[in-house]
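Right, one structure below, let's go through it.
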Amino acid sequence: MAEYTLKVRRYQPESGEGAYWEEFQVDLDPSLSVLDGILQAKDRDDGSLAVRCSCRAAICGSCGMKINGQSGLGCKTQVGEAQEMANKFAKGDAPIVIEPMGNMPVVKDLITDMESTHWEKIRRVTPWLLPHGDPPEREYVVEPESMIDITQSMACIQCGACVSSCLSMEADPGFIGPAALAKAYRFVGDPRDAETTERLHDLAHDPHGIYDCTHCFSCIDACPKGVAPMDQIMRLRRKAGEEGIDDPNNGHNHEAAFIKIIEKKGTLDEALLLQESYAPGVKGKLKPTKGAIKGLLGSIPTGIRAFRSGKARSLSKMIPGVHPKLPDGAQDEVKAIYAHAEEHREEFNLYIKGEEDVEPEPDEREVETA
Amino acid sequence: MKLAYWPGCVSRGFTTELHGSMALVAERLGIELVELDRANCCGAGVIAEHNQELADTLNARTFALAQETGLAMMNICSTCQGAQSECQQRLDADSSYRAHINEVLSGQGLAYEKGKDGFTNKNFLWVLVEDYGLDKLAEKVQRPLSGLRVGPFYGCYVVRPKERLGYDEFPDRDIYLEKVIEVLGGEVVEYDGARKCCGFPVITMNRETSLRQAGTHVGDALDAGADCLVTPCPLCHLNLDMQQPEAAKVVNRDLDLAVLHLPQLVGLALGYEPKQLGMSKHIASTGSVVDRLAGVPA
């Protein structure tokens, strides 16, 4: 047993007062959970301390919260570990800081309203199967292998920890967000679904869709079930790219330009990337969409400042395409890699394959061959 | 100390002051850098988003070029670190996948071998703390950054995901900037944005979201009394410094906060002058940093 101080952000709407901090002393084994600590405080000190919980085993997804600023489940975070983290950032003894989930309105204490920021967005991605044609007489039959790809997004328990941690949503509350987009991939990747292209088109065209994710990995660290929502968003982008979906957010253009530049030059020609992201093929067929024109105009003041400061005064930084390629045949090596990889396009899924890379012992190998 | 050095694209593009200051700092620290001038872009996550095998092979090529030197590899960009670690994790996970990737490299006389000579690829920040050592760094300080209030800004790619970035072995990697600032004699400024996203990856896709992130963090650091930010990521630098005047418009407040590259901050403490470190090439004024250090002789 050990003593811990829980510093809880409280909000009691019926009091008419704003949010405030309150510290509770609890006494429990370090291997028990932060949720156990909160429940002890509620039991011994203040029954009005509000927290949502049920299974206490990381299955139901009820007890999402922020612990020392990190979003996760109260029941899946050991109180001893939480104490170590609190001390590390404070460089000394510090209380474990517990807050309600972020990016959501708080109802009371640690209880948030998930309707507008989570469930509404989940419904936004049409989270059900859309098959075409008459339903089969019996169940749908699919190859088991074809479902493996989406098992990761199926593992979601709707706890909202990823939404709480999302740094894009912090800047843009309209962002569809990690949970809903991971759910979208669950149907985009499902071989029974017949509206894959429509789904991808919708999510690529929405200014708060797949191209609004800043690739910050917060949701990956927050998710208690290994769903890695950001990875699912990147899969959606990959599929949208494969389908050639042209979006008004410059998402596909930016990706296509990046890929082309590295094939030609080996390292990034920033001036060309900027131009091509907004107006691909400017030398041949300029397709100035509204988003492209806005983007190009918006980047002019930054360009002028970069020139004035001396940051971008060389030809290669001012004129797209002047950037040199890699030296002494190295560029040909890069091109050969492109030829090989664009043909295979193998996707190594760590979630399915794991990190076991145990080389068989020589005698085992012999047995296998025998 | 001798290292295979991957400077990345941006340090030789829009932030040449990073590449230049790293060279000066390495010299004074006694670190010999063997630049991998045949290596290619890490893909910054964008190539992996298009074709995972392509990103994995391109980075396997860079690792193989580093392994040819027999040296450990160092980068100076959080984004390179993250993108390369992601590929390395997949390459290291499975020998048959590695063999498939090495197939095309073998035609170029190259191969990536897992764990060859204890191969590592580390950001300069990690090298400084884990391999060079803070005690040794402290001995090299000629001009302690006394009174300089510095806000750390890590860049997502060196702090998340923890499971991929070696936090099991090095759990303090997300407080290294604070440690370095203190060793250099500066004062750490605590503010909300230190481990958040600068917004750069969506600057061409959702300018508003992107600049709101940059502007918010710079504003928070100013409110906390920072004289400057320091970052090991040149892409963060682009959004926090080069785009700062635009970010100010989005968050609707005045912003003028110097943003230093990690080697620039180290370089100041090693006695280099701001101009030598390319600090005149920034967009946000670095004058406050220069003024603050004016009373401290080099």
[atom1]/[X] to [atom2]/[Y] distance, rounded to the nearest 0.5 angstrom?
X	Y	atom1	atom2	result
B/Leu65	A/Glu333	CG	CD	7.0 Å
A/Phe217	B/Arg164	CZ	CZ	6.0 Å
B/Gln243	A/Thr302	CD	OG1	4.0 Å
A/Leu167	B/Cys198	CG	SG	10.5 Å
B/Arg90	A/Glu346	CZ	CD	11.0 Å

With only heavy atoms counted, which part of [X] is less than 4.5 Å from chain A, the side chain, the backbone, both or neither?
X	result
B/Tyr97	side chain
B/Leu105	side chain
B/Ala48	backbone
B/Lys179	neither
B/Ser280	backbone
B/Ala39	backbone
B/Asp56	neither
B/Asp192	neither

4.5 Å side-chain heavy-atom contact, [X] and [Y]:
X	Y	answer
A/Phe89	B/Ile175	yes
A/His215	B/Val46	no
A/Val334	B/Arg61	yes
B/His50	A/Arg345	yes
A/Gln70	B/Lys162	no
B/Leu54	A/Tyr338	yes
A/Ile337	B/Gln108	yes

May I ask you to name which of [options] has the most heavy-atom pairs under 4.5 Å with chain A?
options	result
B/Asn51, B/Ile47, B/Val104, B/Ile203	B/Asn51
B/Arg12, B/Arg207, B/Glu178	B/Arg207
B/Leu110, B/Thr216, B/Thr15, B/Val10	B/Val10
B/Ile283, B/Thr204, B/Asp37	B/Thr204
B/Asp172, B/Thr16, B/Leu211	B/Asp172
B/Gln89, B/Glu17, B/Glu103	B/Gln89

Where the side chain of [X] meets the backbone of [Y], is there a donor-acceptor pair that is under 3.5 Å apart?
X	Y	value
B/Asn40	A/Ile262	no
B/Arg160	A/Cys216	yes
A/Lys353	B/Ala93	no
B/Arg212	A/Ser168	no
B/Asn206	A/Pro207	yes

Heavy atoms only: give me the nearest [X]-[Y] pair and the separation to one decimal.
X	Y	value
B/Met242	A/Ala306	SD-CB, 4.1 Å
B/Glu49	A/Tyr211	OE2-CE2, 4.5 Å
B/Glu246	A/Pro301	OE2-CB, 3.4 Å
B/Pro245	A/Arg305	CB-CZ, 3.4 Å
B/Met205	A/Gly251	SD-CA, 3.6 Å

Going by side chain to side chain contact (heavy atoms under 4.5 Å, CB included), A/Phe348 matches just one of B/Gln52, B/Glu53, B/His100. Which one?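 Option passing the side chain to side chain contact (heavy atoms under 4.5 Å, CB included) with A/Phe348: B/Gln52.
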
Decide if atom NZ of B/Lys275 counts as having more than 12 heavy atoms of other residues, nucleotides or ligands within a radius under 6.0 Å.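 At most 12 heavy atoms, drawn from other residues, nucleotides or ligands, come within 6.0 Å of this atom.
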
Step through the shown structure and confirm whether more than 12 heavy atoms of other residues, nucleotides or ligands are within 6.0 Å of CD on B/Gln276. yes

Go through the atoms of [X] and report whether side chain, backbone, both or neither lie under 4.5 Å from a heavy atom of chain B.
X	value
A/Gln331	neither
A/Leu268	both
A/Ile220	side chain
A/Asp269	neither
A/Lys265	neither
A/Asp212	both
A/Leu326	side chain

Pick from [options]: which one has the most heavy-atom pairs with chain B under 4.5 Å?
options	answer
A/Asn249, A/Thr267, A/Asp221	A/Asp221
A/Ser218, A/Ala271, A/Gly69	A/Ser218
A/Leu350, A/Ile259, A/Asp328	A/Ile259
A/Glu347, A/His254, A/Glu342	A/Glu342

Neighbours of chain B found in residues 223-241 of chain A - heavy atoms under 4.5 Å: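 Listed by number: A/Met234, A/Arg237, A/Arg238.
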
Pair A/Glu170 + B/Lys196: basic N to acidic O under 4.0 Å: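 B/Lys196 and A/Glu170: salt-bridged.
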
